[in-house]
Amino acid sequence: MTNNQIATVFEQIADLLEFQGANAFRVRAYRNAARVIGDSTESLDRVVDGSEDPVKELQAIEGIGKDLAEKIETLVRTGALPMLVELQAQVPASVLAILRVPGLGPKKAATLFKELHVQSLADLRKACDEHRVRELKGFGAKTEETILRGLETAETADKRLLWAVADERVQAIREHLQGVPGLVRLEPAGSYRRGRETIGDLDFLAVASDPNPAMDRLAAHPEVALVLARGETKMSVRLNEGLQVDLRVVPEDSFGAAWQYFTGSKDHNVVLRGMAKDRGLKINEWGVYRGEKKIAGATEEDVYATLDLPCFLPEIREARQEFEWAKQGALPRLLEVEDMVGDLHMHTTATDGTATIAEMIAAAQARGLKYIAITDHSKRVTMANGLNADRLVEHWDHIEAAAAKFKGITVLKGVECDILEAGGLDLDDDVLSAADWVVASVHYGQSQPRERITARILEALENPHVDAIAHPTGRLLNKRKAYEVDLEAVFDAAAKYGKFLELNANPQRLDLDDVACAAAKRRGIPIVISTDAHSVVGLGCMRYGVLQARRAGLTKEDVVNTRAWRDVKRLMDGS
DNA sequence: GCCGTTTTCGGCCCGACTGTTTTCAGTCG
């Protein structure tokens, strides 16, 4: 059982308990445990199997006490949890969908379930249409309308936006609000600012003498479908595509406190406020207070300084390791886009790319890269017109000829060699041995069982000619789940054979993800960040990969292609 | 359900906005 599966069980329990009106802090304990386990780089499976006293060892994890430790042990050993089974018997699974409707929380959902026997979204819609909801105590006509609107979004817009798409929306809205009278400053906050791979909604923070002009302008945005709420300082709108945008307007001397607060994460803020409380301080979005007296708030630096903390970069504000790093004075100096000097995974018109070799070289050089590897597909990827040995060798000749026309950039003869369904690689060793750079990847047989897929990748790692595994989990955000692979085993093998693992910078892939990257770093496995570009424009994806790497706490030293190519080669040779 | 150089019991972050209320509960972030 993977950490994510265990985390999912605890999330389900939290949902069900909340629905039943359990103590809110008990619910939070389950949610907190789910988050910590999901973020953990240590496989709990292994902890339980490899320990004399698993319960004691599990309790060392922050947020896991005796009770949850025992539940984890039960889950790992039996694959199930009696408590969850019991809860599921009491509450139909379909009921939980109701909790996802904006405007409905556990209390109202429970009332609907108890009084009107609403068990699904369809039941809920019917009850609203028949005006039975407005008759309930605590409900009314407006609540009924809110629920109907919420149903639309619950049914249609359940997907999170890719960060790269959110970035486009952010720029468009900033532009739209530019020049609003009295608007001094406008900054994005929330998970967008933290660089999460997907974004649920957009948060903007503004400094303005009068909030109304900015709110009016936002309401007039052509994509705004609905104003959900509007008060003195806060406004929420929904765009046509379903995305919610929040705008908060604060005075200048509260800007730092508010930016810190609305950037989150929620868990990071909970820790922060707990620390403040210990010192007799209170932090809210308006500032830091000792009693009635405000002692900070204009900048984020000021706010953190009241707790003797550094101003954490937004990407690591996740209540994972940042507070521990700060305590030890060992905050990593995060990687930056400017550190990247090479790109070791890209395609051309020889297979499924849209640009020629020369066009890719020129574009890479224009971006300031010192070296690139052309890594077109191998023959198994027929859909992409993959190369067999003869075509590959010929392609390499073309690469050499094209590269000769450029000065100041090294162009490597590479290949993205398929890891075949039955195991083994798509090209023979004598071909691969002639390449400057080989990435191996899984494209077929993605639904195979865990042992099988893992074995295929381990075998590829053993091959002396393979340099890196590309997009190691195969996921496509919002589209395809990662295939079943034992990443711990992959890390072990990569470490043993001195191989690299890729962080694919395509905004839809971004695997390894932040948690996995952090785990790889902990084992000293070098990460190579690659665009996997299929076009000239695709080379620009590097920044998305860098953002993900920053979330993992990676520094320039942790990433292979921040180094000169001759140093990368040295690393490949193990010297 | 977790946690502890103030605590093994009694805390657990904090405020804005809405709707259904005549003073506050529920939801959200």
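Per chain, numbering begins at 1; letters A, B, ... match sequence-line order.
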Novice: Answer with base, sugar-phosphate or nothing: what part of the nucleic acid does A:Thr233 contact at a heavy-atom distance below 4.0 Å?
Specialist: sugar-phosphate

Novice: To the nearest Å, how far apart are A:Asp246 CG and B:dT18 P?
Specialist: 12 Å

Novice: Pick the P atom in B:dC2 and in B:dC13, then give their distance to the nearest Å.
Specialist: 16 Å

Novice: Using atom CD of A:Glu135 as one end and atom P of B:dT20 as the other, report the distance to the nearest whole Å.
Specialist: 12 Å

Novice: Between B:dC14 atom P and A:Ile283 atom CD1, what is the distance in whole Å?
Specialist: 9 Å

Novice: Quick one: is B:dC12 close enough that its OP1 or OP2 comes under 4.0 Å of any side-chain N or O from A:Lys277?
Specialist: yes

Novice: Figure out the CG/P separation between A:Leu228 and B:dT18, and round it to whole Å.
Specialist: 10 Å

Novice: Look at the side-chain N and O atoms of A:Arg26 and state whether any lies under 4.0 Å from the OP1 or OP2 oxygen of B:dG1.
Specialist: yes

Novice: Not counting sequence neighbours, list each pair that qualifies as a side chain to side chain donor-acceptor pair (under 3.5 Å) and has a residue in residues 208-220 of chain A.
Specialist: A:Asp210-A:Asn212, A:Asn212-A:Arg230, A:Asp216-A:Arg230

Novice: Quick test of your reading of the model: are A:Lys66 and A:Glu70 salt-bridged, counting only N-O distances below 4.0 Å?
Specialist: yes

Novice: Is the phosphate of B:dC14 approached by A:Trp286 (side-chain N or O, under 4.0 Å from OP1 or OP2)?
Specialist: no

Novice: For A:Tyr261, answer base if it contacts any base atom (sugar-phosphate contacts may also be present), sugar-phosphate if it contacts only those atoms, and nothing otherwise; contact means non-hydrogen atoms under 4.0 Å.
Specialist: base

Novice: Starting at atom CZ of A:Arg194, determine the distance to atom C1' of B:dG29, rounded to an integer number of angstrom.
Specialist: 11 Å

Novice: So what does A:Ala141 hit on the nucleic acid, given a heavy-atom distance under 4.0 Å: a base, only sugar-phosphate, or nothing?
Specialist: sugar-phosphate

Novice: Rounded to the nearest Å, what distance is computed from the CZ atom of residue A:Arg28 to the C1' atom of nucleotide B:dC28?
Specialist: 15 Å

Novice: Rounded off to whole Å, could you give me the CE-to-C1' distance for the A:Met275 and B:dC14 pair?
Specialist: 18 Å

Novice: Have a look at A:Val515 and tell me which of A:Asn4, A:Leu487, A:Asp39 forms a side chain to side chain contact (heavy atoms under 4.5 Å, CB included) with it.
Specialist: A:Asp39

Novice: Counting any heavy atom closer than 4.0 Å, what does A:Asn284 reach on the DNA or RNA strands: base, sugar-phosphate only, or nothing?
Specialist: sugar-phosphate

Novice: Measure from CG on A:Asp201 to C1' on B:dT27 and round the result to the nearest Å.
Specialist: 14 Å

Novice: Describe the nucleic acid contact of A:Ile64 in one word from base, sugar-phosphate, nothing, applying a heavy-atom distance below 4.0 Å.
Specialist: sugar-phosphate

Novice: Just to be sure I understand the rule, does A:Val36 reach a base, reach only the sugar-phosphate, or reach nothing, if contact means heavy atoms closer than 4.0 Å?
Specialist: nothing

Novice: I want to confirm an ordering. Mapping A:Ala109 and A:Lys137 to their closest nucleotides on DNA chain B, which one lands closer to the 5' end?
Specialist: A:Lys137

Novice: Given B:dG29, is OP1 or OP2 found less than 4.0 Å from the side-chain N or O atoms of A:Lys234?
Specialist: no

Novice: Please determine whether a side-chain nitrogen or oxygen atom of A:Lys108 lies at a distance below 4.0 Å from atom OP1 or OP2 of B:dG19.
Specialist: no

Novice: Just call it for A:Lys142: base, sugar-phosphate, or nothing, with non-hydrogen atoms closer than 4.0 Å on any strand.
Specialist: sugar-phosphate

Novice: Validate the cation-pi geometry between A:Arg320 and A:Trp325: distance from NZ or CZ to the six-membered ring centre under 6.0 Å, angle to the ring axis within 45°.
Specialist: no

Novice: Tell me whether A:Gln20 at atom CD has more than 12 heavy atoms from other residues, nucleotides or ligands lying less than 6.0 Å away.
Specialist: yes

